[in-house]
Amino acid sequence: MAQNNTENTKIVLGKNQYGKAEVRVVKITRDTARHEIEDLSVTSQLRGDFDAAHFDGDNGHVVPTDTQKNTVFGFARDGVGSPEQFLIRLANHFTSEFDWVTGGRWEAEQFAWERIATSSQAEGHDHSFVRKGQEVRNAVVVKDGDTVQVISGLNDLTVLKSTQSGFVGYPKDRFTTLEETTDRILATDVSARWRYSPEAVANGSVDFNKSYDDVKALLLEGFTEGYSYALQQTLFQMAQKVLNAHLEIEEVRFSTPNKHHFLVDLTPFGLDNPNEVFYAADRPYGLIEANFQRESISDDSNAWDGITGFC
Ligand SMILES: O=c1[nH]c(=O)c2[nH]c(=O)[nH]c2[nH]1
């Protein structure tokens with residue numbers, strides 16, 4: 001770390017990074033009449049030797065954030081492919097183009113679109129799309145020297161089990177009013193992130209789009225299977241599915257609200273309620289977070305720095 005001698009106090013520059021946040025880029029591939037759309041929000045942040053900029057106002061090393069934004073658009077001209085590959089391309093570009101850029105952090109959210117099906121085009125319209133309502137995909141690439149870390153993920157994947165879920169056996173004290181139940185609704189908006197082994201990233205063996213679809217399907221399958229004794233246990237079941245099937249993934253992290261559904265008392269109206277009518281409360285909600293990782297991996301990766309909303 002650099003030091004700067006000011007009048008009488010030595011000041012050291014700590015961690016720093018800079019770049020352009022949330023560059024909204026939409027790429028239409030229009031080589032044929034049937035267009036393709038790729039829609040992303042990309043953040044680029046560079047790390048390296050930027051002492052002079054901070055201490056002396058010397059911008060000789062400061063690749064403008066405006067240039068970083070333009071690079072995103074320029075690279076999109078060739079297509080995105082997968083958000084992970086797109087970010088790795090940006091990482092390799094900035095670290096090879098500018099000697100003093102030793103690494104950085106690149107992040108993307110990807111918004112999915114699907115073709116509008118019409119009565120004349122059941123297979124979907126050629127160039128009219130509707131935003132897919134499910135989850136938002138995301139990716140983070142962190143490069144430090146030659147090591148590239150990739151974390152993929154999704155937000156807001158809303159799921160619900162209408163039975164096969166209960167919550168019993170918890171400790172009770174004078175503040176406990178919650179009734180035990182063996183048949184409740186379990187609902188959550190899944191935020192999940194998973195980190196690939198740097199080796200798998202380096203040898204280029206990961207097909208990030210295929211892997212994403214597969215992990216999402218496994219998370220959903222894990223949610224459906226069996227009886228849930230708590231959201232905590234269901235998260236483990238979901239992670240287990242992913243880690244068993246994808247050896248190139250080292251860890252999976254979750255942040256999931258427990259979206260409570262309270263049985264409404266219909267007796268004032270002379271009606272029974274055999275687990276059919278619920279009040280869907282929006283707050284407060286339980287907040288269940290858990291990270292699952294292979295025992296064999298060390299937990300010293302700082303790839304997660306800057307990812308908020310996970311424990
Ligand atoms: O799945 C659950 N986990 C909890 O930790 C919890 N706590 C609570 O009140 N209800 C639930 N449900």
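- Ionic pairing of Lys161 and Glu225 is not present here: no N-O contact between side-chain nitrogen and carboxylate oxygen is shorter than 4.0 angstrom.
- The backbone N or O of Gly81 lies less than 3.5 Å from a partner atom in the side chain of Glu38, making a donor-acceptor pair.
- In the displayed structure, Asn203 atom CG is contacted under 6.0 Å by more than 12 heavy atoms of other residues, nucleotides or ligands.
- Of the candidates Arg24, Gln110, Glu107, Arg24 is the only one forming a side chain to side chain contact (heavy atoms under 4.5 Å, CB included) with Ser41.
- Contact detail for Tyr196 and Ser152: the closest heavy-atom pair is CE1-OG, 3.2 Å.
- Grouping the Ile, Leu, Val, Met, Phe, Trp and Tyr side chains by contacts below 4.5 angstrom, directly or via other members, places Leu186 apart from Leu160.
- Residue Lys210 places its NZ atom among 12 or fewer non-hydrogen atoms of other residues, nucleotides or ligands, all under 6.0 Å distant.
- Grouping the Ile, Leu, Val, Met, Phe, Trp and Tyr side chains by contacts below 4.5 angstrom, directly or via other members, places Met238 with Trp194.
- Annotation: Arg30, atom CZ; neighbour count of heavy atoms from other residues, nucleotides and ligands within 6.0 Å does not exceed 12.
- Grouping the Ile, Leu, Val, Met, Phe, Trp and Tyr side chains by contacts below 4.5 angstrom, directly or via other members, places Val190 with Phe236.
- The shortest distance between side-chain heavy atoms of Asn291 and Val252 does not fall below 4.5 Å.
- At a threshold of 4.0 Å, the pair Arg89-Asp78 counts as salt-bridged, since one of the basic side-chain nitrogens sits closer than that to a carboxylate oxygen.
- Using a 4.5 Å heavy-atom threshold, the side chains of Val150 and Arg195 count as separate.
- In terms of hydrophobic clustering, with Ile, Leu, Val, Met, Phe, Trp and Tyr side chains grouped at heavy-atom distances under 4.5 Å, Val25 and Ile37 are assigned to different clusters.
- In this structure the side chain of Phe73 reaches within 4.5 angstrom of the side chain of Lys69, judged on heavy atoms.
- The environment of CD in Glu22 is sparse: at most 12 heavy-atom neighbours from other residues, nucleotides or ligands sit within 6.0 Å.
- Using the six-membered ring where Trp is involved, Trp100 and His61 have ring planes that are parallel, under 30° apart on the 30 and 60° scheme.
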For this session: Using the ring-ring contact (aromatic ring centres under 6.0 Å, His included) rule, take Phe50 and Tyr18 through it: C-alpha gap first, then chi angles, then the decisive distance, then the call.
Result: CA-CA 10 Å; Phe50 300 106; Tyr18 80 100; 5.1 Å; yes

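- Using cut-offs of 30° and 60° for the angle between ring planes, the Trp113 and Phe129 rings count as perpendicular.
- Ion pairing of Glu109 with Arg137 is absent here, as no side-chain N (NZ or NE/NH1/NH2) approaches a carboxylate O to less than 4.0 Å.
- In this structure, Gln149 contributes its side chain and Lys143 its backbone to no donor-acceptor pair below 3.5 Å.
- Between Thr95 and Thr102, the closest side-chain pair of non-hydrogen atoms is not below 4.5 Å.
- Using a 4.5 Å cut-off on side-chain heavy atoms (C-beta onward), Ile88 and Val201 make contact.
- Looking only at distances, no side-chain donor or acceptor of Asp144 sits under 3.5 Å from a matching main-chain atom of Val142.
- Annotation for Glu179: atom CD does not count as buried by contact number, only 12 or fewer foreign heavy atoms lying within 6.0 Å.
- Inter-residue side-chain proximity for Leu219 and Leu154 is flagged as met; some heavy-atom pair is nearer than 4.5 Å.
- Under a 3.5 Å cut-off, the side chain of Asp49 and the backbone N or O of Asp51 do form a donor-acceptor pair.
- Under 4.0 Å is where a charged nitrogen must lie from a carboxylate oxygen, and between Asp305 and Lys15 at least one such pair does.
- Heavy atoms from other residues, nucleotides or ligands lying under 6.0 Å from CZ of Arg131 number more than 12.
- Ionic pairing of Glu135 and Lys216 is present here: one or more N-O contacts between side-chain nitrogen and carboxylate oxygen are shorter than 4.0 angstrom.
- Put simply, the side chain of Ser96 gets close to the backbone of Asn92: a donor and an acceptor are under 3.5 Å apart.
- Side-chain N or O atoms of Arg294 include one that pairs as donor or acceptor with a backbone N or O of Leu243 at under 3.5 Å.
- Under the 4.5 Å side-chain heavy-atom criterion for Ile, Leu, Val, Met, Phe, Trp and Tyr, Phe75 and Phe208 are members of the same hydrophobic cluster.
- Residues Glu248 and Ser211 are in side-chain contact: their nearest non-hydrogen atoms beyond the backbone lie under 4.5 Å apart.
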Exercise. Can Phe98 and Phe94 be said to form a side chain to side chain contact (heavy atoms under 4.5 Å, CB included), step by step?
Worked result: CA-CA 6 Å; Phe98 306 103; Phe94 287 114; 4.0 Å; yes

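- Here the closest non-hydrogen pair linking Ser191 and Phe310 is O-CE2, 3.7 Å.
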For this session: Step by step, work out the ring-ring contact (aromatic ring centres under 6.0 Å, His included) result for Tyr229 and Tyr227.
Result: CA-CA 6 Å; Tyr229 290 90; Tyr227 184 89; 4.8 Å; yes

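- Note: Phe167 and Tyr170 have parallel aromatic rings, judged against thresholds of 30 and 60 degrees for the angle between ring planes.
- Counting heavy atoms from C-beta on, the side chains of Leu90 and Val42 come closer than 4.5 Å.
- The number of heavy-atom neighbours closer than 6.0 Å to CD of Gln121, taken from other residues, nucleotides and ligands shown, is above 12.
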